[in-house]
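Chain letters run A, B, ... following the sequence lines, proteins first and then strands; every chain starts at 1. When reading the values below, keep in mind they use all heavy atoms of this one structure, side chains included, and skip hydrogens, waters and symmetry mates. Everything numeric here is computed off the predicted structure, so don't read it as measured data.
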Amino acid sequence: MEYNFSDIEQKWQKAWNDANAYAVSNESDKPHYYVLDMFPYPSGAGLHVGHPLGYIASDIYSRYKRQCGFNVLHPMGFDAYGLPAEQYAIQTGQHPEVTTNKNIERYISQLRKIGFCYDWSRSVKTCDPQFYHWTQWAFIQMFNHYYDNVAQKAKPISELVARFEREDPTWATLSEREQQERLMQYRIAYLADTKVNWCPELGTVLANDEVSEGLSVRGGYPVEQRVMRQWCLRVSAYAPRLLEGLDRLDWTDSLKDTQRNWIGRSEGAEMQFDIKKHPSGSPLKGESESEAPITIFTTRADTVFGVTFMVLAPESEYVGRLTTDEQRAEVEQYLAWVKHRTERERIADRKVTGVFSGSYAINPLTNAEIPIYISDYVLAGYGTGAIMAVPAHDSRDYAFAKHFNLPIIPLIEGADVSEQSFDAKEGKMMNSGFLNGLDVKDAIAKMKEYITNTGIGRVTVNYRLRDAIFSRQRYWGEPFPIYYKDGMPYPIPEDCLPLELPAVTEFKPTATGEPPLGHAQVWAWDEKNKKVVDKKLIDNKSVYPLELCTMPGFAGSSAYYLRYMDPHNNEALVSRQANDYWQQVDLYLGGSEHATGHLIYSRFWNKFLFDLGLVCKDEPFRKLINQGMIQGRSNFVYRYIGEGATGNLYVSYNLINNPEYKDKVQPIHVDVNIVHNDVLDITAFRNWMPEFKNATFVFADGTSSEVEDNPYLGAAMPKQYICGWAVEKMSKSMFNVVNPDDVIANYGADTLRLYEMFLGPLEMSKPWDTNGIDGVHRFLKKAWNMYETVTDEQPTKEEFKSLHKLIKKITWDIENFSFNTSIPAFMIAQSELAALKCNKRAILEPFAILLAPYAPHIAEEMYHRCHSLNAQPSTLNSFVIDAQWPELNEAYLVEDTQKYPVQFNGKVRFTLECPKDTPKDEVEKLVLAHEDTARYLAGNAPKKVIVVPGRIVNVVM
RNA sequence: GCCGCGAUGGUGGAAUCGGUAGACACGAAGGACUUAAAAUCCUUUGGCCCGAAACGGCUGUGUGGGUUCAAGUCCCACUCGCGGUACCA
């Protein structure tokens with residue numbers, strides 16, 4: 001009976017589809033379970049074998065949970081907005097919607113072939129107006145709410161207005177515009193002039209997590225700093241809750257640590273430094289203003305006695321008023337220089353730069369006059385944008401002090417600061433007045449007490465987490481549901497949503513530098529008629545301009561997991577009922593690259609919706625697992641470049657270190673798809689690219705003749721060319737991309753699924769190496785052969801033992817996400833059962849059920865064969881996915897005898913077999929009486945005999 | 001620099017609670033079947049040593065120490081690799 005995987009897989013995929021087997025209902029008596037894969041971006045290249053790794057794992061888990069009696073929600077959709085489609089549109093004029101939909105089609109067809117149990121009727125895509133309706137809606141809610149820092153939750157902006165009306169007599173005197181401006185400082189979605197990462201090549205701003213090392217993550221283009229008016233989300237308000245919420249999540253420690261670092265809580269103190277009154281009268285802007293103290297933030301309050309200068313960030317508002325007339329020209333020159341520097345230059349070039357402001361501050365403890373500098377090593381966005389510099393105990397301050405020849409006062413006993421600073425928070429204080437002799441930790445506490453009591457400062461907490469910049473000067477994203485009246489933003493009414501993305505013919509910025517939506521003709525808001533109208537009608541009386549920016553990539557992916565609970569709801573993002581049933585994502589699988597982007601934003605978004613009482617859980621993802629990356633495994637041919645090289649001779653890998661070829665060959669990437677088990681397909685290679693058409697080879701045997709005479713056959717057999725290999729990123733340019741479609745065509749989806757799991761632990765990254773796939777495929781063939789005839793005979797004890805060993809192992813593995821170890825367990829069970837010639841339904845049916853989560857197609861066919869050899873799907877109305885997970889009966893696993901490995905001084909010498917439950921001292925006697933014991937004791941008396949019941953014996957001499 | 005993860009045969013990996021290291025698979029070598037090949041099946045396969053043979057000895061989980069009757073597993077110090085992050089005061 002041949003294992004025809006292609007027929008089997010097509011047959012059952014159709015049957016499942018026809019029967020709607022994977023549709024999930026929100027109404028069920030069963031317990032619920034929600035398994036989610038991270039939203040893929042449908043790239044033009046389609047899926048490669050790395051993508052399905054996590055999907056296969058989550059599919060196995062989903063199927064297992066369903067077989068255990070859960071109602072399992074397991075959806076899939078697409079993060080459809082994004083830069084690549086738009087870049088492609090700019091280059092080709094092809095509308096991004098067209099390419100995006102094409103790519104989605106391709107993804108869906110590839111995913112379907114792998115046999116996932118997704119409920120496709122719940123699929124969503126972010127560029128669908130029915131979907132982004134709720135993205136826009138959430139944005140309006142954020143616009144209409146502020147964060148109450150006392151209550152630690154979002155509240156309606158109307159409550160704030162009411163408070164202003166009640167408590168602030170000036171409120172009523174403000175104009176509408178002034179009132180709006182004031183409210184803008186509180187809204188969770190707000191407009192602000194912020195320093196942004198501007199990417200000129202992409203023509204848009206980017207969030208911090210979209211920039212890496214001064215280059216855009218997508219595309220790798222340079223990024224510079226620019227101040228622009230942008231929509232922002234007040235994520236920072238949620239920093240304490242985002243931090244504290246991590247403690248209750250079942251995520252890996254490494255991921256939680258990454259988020260903790262990104263949120264960056266630091267406890268410290270704000271402290272005020274008085275400004276020295278300038279002797280020459282009034283060189284500063286205004287007498288009283290110039291003398292107002294400046295506030296700094298420090299985590300090292302203990303080091304105040306060692307402050308020898310202060311530094312302001314170039315963007316600090318203190319800069320203007322502290323710059324003296326004498327220094328003004330120099331300061332302005334420095335500020336100009338800082339401003340034109342790109343982020344990349346800043347990272348690449350860490351040399352000390354800065355300028356003296358001309359002013360002095362007074363150290364509140366020593367009363368010393370200390371100069372105030374301006375330097376870009378101090379960041380405007382963190383703390384107060386001003387620092388007290390303690391060169392002896394901060395390496396950055398140290399470098400600055402050395403460069404400008406400023407004094408360095410050591411504060412910790414025994415610290416040598418002649419060559420470098422001593423940054424560690426340990427040791428005993430000195431040169432520090434009343435702190436002398438204290439440990440650093442105690443000194444910090446004492447100093448905090450002192451500054452609180454004297455009123456020169458206060459204890460505070462700072463967070464590194466910044467507000468998210470939410471505007472993109474791009475076309476292919478969600479439009480903001482916002483129009484501008486007198487320069488101030490107003491949301492369009494909620495019942496007018498979705499505000500659909502208008503058609504444009506040009507995807508580049510306009511000639512006047514407006515974002516691409518500037519090209520849209522029908523893009524103005526008619527307030528009276530509540531509709532989008534032609535721009536020509538803008539009169540700023542009843543027709544107003546609409547926002548031209550669109551939302552960033554993370555907008556659509558921040559709440560999509562809620563939408564799957566209730567994907568067709570036209571009244572709400574998710575109904576209360578649906579949300580109460582599913583609650584939250586129980587298991588979330590995806591890559592760790594989303595640690596500081598998506599996983600922060602969606603936690604924020606979810607907490608906001610929670611504050612509004614719209615979702616029942618304040619965290620979206622209860623348990624999260626990161627699957628490892630699948631790296632590429634590249635193959636190489638070795639072009640001969642030594643003497644007499646024709647440029648078309650290739651040396652087999654096993655020969656390249658021979659003297660005649662060593663250092664005379666050049667490795668060239670070769671498409672891994674024309675290499676099998678590191679052996680090159682010569683014909684395919686010659687046809688691969690024109691330059692290889694006339695390739696000649698030195699084969700593995702060291703000769704160049706292409707064939708070997710075959711003594712048995714008139715014909716000749718081809719010889720082998722061995723390729724070298726290396727592990728690299730999977731990418732087109734390395735010719736190491738493997739497409740799951742090809743694997744499925746050659747081996748079937750079940751083999752692909754099994755093999756991806758077989759490669760190694762889910763969380764670890766590993767190269768895709770097809771070399772082992774034959775073994776997994778052979779296992780399926782052998783398993784398949786067991787089902788040729790199925791009988792109703794009673795199984796033997798041994799057969800039951802094999803089965804129940806397998807039940808125990810597979811159940812444990814799935815519960816613990818150890819999918820790689822299940823495959824050998826199946827192989828072992830198969831070979832045991834085959835050796836016993838087992839063809840009994842009582843064994844083979846549970847075997848098929850156990851295999852079903854891993855290899856659903858073949859398992860379905862096996863399951864049906866157990867019922868009738870010729871059963872058709874129509875005659876059997878149940879699928880293996882609904883078959884009850886087999887129950888473990890430990891009784892079958894109990895052995896009559898116990899085997900003890902017997903060690904002498906920790907080395908295993910022989911094995912002792914004795915009846916089960918032999919008492920400890922009896923085992924000891926048996927060991928000492930054993931015929932081999934005397935030999936290993938070699939005349940020594942045993943000092944001690946350790947018997948671990950059921951495990952091992954160790955004789956200590 | 002800081003944080004996290006990892007290192008086990010020729011290769012991917014297993015050893016789940018400190019208890020027989022190398023399961024399972026690939027590859028390789030040898031054999032059976034075959035006119036031949038493919039497919040399939042069987043045997044061997046960490047290294048070294050002794051031997052006619054053995055259920056013979058030694059050694060062995062990145063390096064160096066330690067704890068323990070017993071360490072791939074726990075502790076300390078280090079090396080290398082991977083990922084993240086970086087003037088965050």
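Below 30°, between 30° and 60°, or above 60°: for A/Phe904 and A/Phe910 the angle between ring planes is between 30° and 60°, a tilted geometry. By the 30° and 60° cut-offs, the orientation of the rings of A/Phe758 relative to A/Tyr755 is tilted. Between A/His393 and A/Phe422, the ring planes are perpendicular. Angles over 60° get that label, and only those under 30° would be called parallel. The aromatic rings of A/Tyr61 and A/Tyr64 lie tilted to each other, with the angle between the two planes from 30° to 60°.
Within the structure, salt bridge (charged side-chain N to carboxylate O under 4.0 Å, His left out) pairs that include any residue of residues 900-913 of chain A do not occur (at least two apart or interchain). Sorted by first and then second residue, the salt bridge (charged side-chain N to carboxylate O under 4.0 Å, His left out) pairs with a member in residues 941-957 of chain A form an empty list; sequence neighbours excluded. Counting only residues at least two apart or on different chains, the salt bridge (charged side-chain N to carboxylate O under 4.0 Å, His left out) pairs with a member in residues 813-822 of chain A are A/Lys809-A/Asp813.
Of the side-chain N and O atoms in A/Arg778, one or more sit less than 4.0 angstrom from OP1 or OP2 of B/U40. Distances shown here put a side-chain N or O of A/Tyr382 below 4.0 Å from the OP1 or OP2 atom of B/A89.
A distance of about 13 Å separates the P atoms of B/U40 and B/A25, rounded to the whole Å. Between the C1' atoms of B/A53 and B/C69, the separation comes to 34 Å (whole Å). Straight-line distance between the P atoms of B/G10 and B/G62: roughly 13 Å, to the nearest whole Å. A gap of 16 Å separates the C1' atoms of B/C26 and B/U44, to the nearest Å. With both ends at atom C1', the span from B/G72 to B/G22 equals 11 Å, rounded to whole Å. Comparing B/U79 with B/A39, their P atoms sit 49 Å apart, to the nearest whole Å. Taking atom C1' on both B/G12 and B/G51, the two are 36 Å apart, rounded to the nearest angstrom. Comparing the P positions of B/C24 and B/G46 gives a spacing of 12 Å, expressed to the nearest Å.
Across all strands shown, B/A86 forms no Watson-Crick or G-U wobble pair with both distances under 3.5 Å. Pair assignment for B/A32 gives B/U40, based on Watson-Crick or G-U wobble hydrogen-bonding distances that are each under 3.5 Å. Summarising the base pairing, B/G18 is matched to no nucleotide, lacking a Watson-Crick or G-U wobble pair whose two defining distances lie under 3.5 Å. Applying the Watson-Crick and G-U wobble criteria (two distances, each under 3.5 Å), B/G64 pairs with B/C76. Nucleotide B/G27 forms a Watson-Crick or G-U wobble pair with B/U45, both donor-acceptor distances falling under 3.5 Å. Under the Watson-Crick and G-U wobble criteria, each requiring two contacts below 3.5 Å, nucleotide B/C5 is paired to B/G81.
Between the CG atom of A/Asp257 and the P atom of B/C3 there is a distance of 10 Å, rounded to whole Å. Going from atom CD of A/Gln720 over to atom C1' of B/G27 covers 12 Å, rounded to whole Å. Atom pair A/Lys781:NZ and B/A25:C1' shows a separation of 15 Å (rounding to whole Å applied). Atoms CD (A/Glu832) and C1' (B/A23) sit 12 Å apart, rounded to a whole Å. The distance from atom CE of A/Met629 to atom P of B/G4 is 21 Å, rounded to the nearest whole Å. Between A/Arg464 atom CZ and B/G84 atom P the separation is 15 Å, expressed in whole Å. Distance, A/Met827 CE to B/A14 C1': 13 Å, rounded to whole Å. Atoms CG (A/Leu312) and C1' (B/A89) sit 13 Å apart, rounded to a whole Å.
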Nucleotide N/O of nucleotides 69-77 of chain B paired with protein N/O under 3.5 Å:
unit_1, atom_1, unit_2, atom_2, d
B/C69, O2', A/Asn954, ND2, 3.1
B/C69, O2, A/Asn954, ND2, 2.8

So which protein N/O to nucleotides 54-60 of chain B N/O distances come out below 3.5 Å?
unit_1, atom_1, unit_2, atom_2, d
B/G57, OP1, A/Arg909, NH1, 3.3
B/C58, OP2, A/Arg909, NH1, 3.3

With the criterion being N/O to N/O and under 3.5 Å, what pairs connect the protein with nucleotides 5-13 of chain B, and how long is each?
unit_1, atom_1, unit_2, atom_2, d
B/G12, O2', A/Leu759, O, 2.8

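A/Val378 comes within 4.0 angstrom of a nucleotide base, judged by non-hydrogen atoms across all strands. Among the atoms of the strands shown, none is found under 4.0 Å from any heavy atom of A/Arg260. Counting any heavy atom pair closer than 4.0 Å across all strands shown, A/Lys782 reaches sugar-phosphate atoms only and no base atom. Across all strands shown, A/Ser266 has heavy atoms under 4.0 Å from sugar-phosphate atoms exclusively, and none from any base.
Every salt bridge (charged side-chain N to carboxylate O under 4.0 Å, His left out) that A/Lys351 has, sequence neighbours left out, goes to A/Asp349. Evaluation of the salt bridge (charged side-chain N to carboxylate O under 4.0 Å, His left out) rule for A/Lys801 yields A/Glu895 as partners, not counting sequence neighbours. Not counting sequence neighbours, A/Arg778 has no partner by the salt bridge (charged side-chain N to carboxylate O under 4.0 Å, His left out) test. With sequence neighbours excluded, the residues that form a side-chain hydrogen bond (donor to acceptor under 3.5 Å, both in side chains) with A/Trp768 are A/Thr770. Looking at residues two or more places apart in sequence or on another chain, you find a side-chain hydrogen bond (donor to acceptor under 3.5 Å, both in side chains) between A/Asp678 and A/Arg633, A/Asn635. Partners of A/Asp250 by salt bridge (charged side-chain N to carboxylate O under 4.0 Å, His left out), not counting sequence neighbours, listed by chain and number: A/Lys623.
Each of A/Val908 and A/Thr299 was assigned the nucleotide of RNA chain B with the nearest heavy atom; the assignment lying further toward the 5' end belongs to A/Val908. Residues A/Arg951 and A/Arg265 each lie close to RNA chain B; by heavy-atom proximity, the contact nearer the 5' end of the strand is made by A/Arg951.
Closest to the side chain of A/Ile952, out of B/A23, B/A86, B/G19, is B/G19.
B/C50: glycosidic angle beyond 90° from 0, hence anti. In B/G30 the O4'-C1'-N dihedral to the base is more than 90° from 0, which defines an anti nucleotide.
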Verdict with reasoning, A/Tyr747 to A/Asp774, per side chain to side chain donor-acceptor pair (under 3.5 Å): CA-CA 8 Å; A/Tyr747 296 98; A/Asp774 293 307; 3.1 Å; yes

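With hydrogens and angles ignored, the 3.5 Å screen pairs a side-chain donor or acceptor of A/Trp784 with a backbone N or O of A/Glu2.
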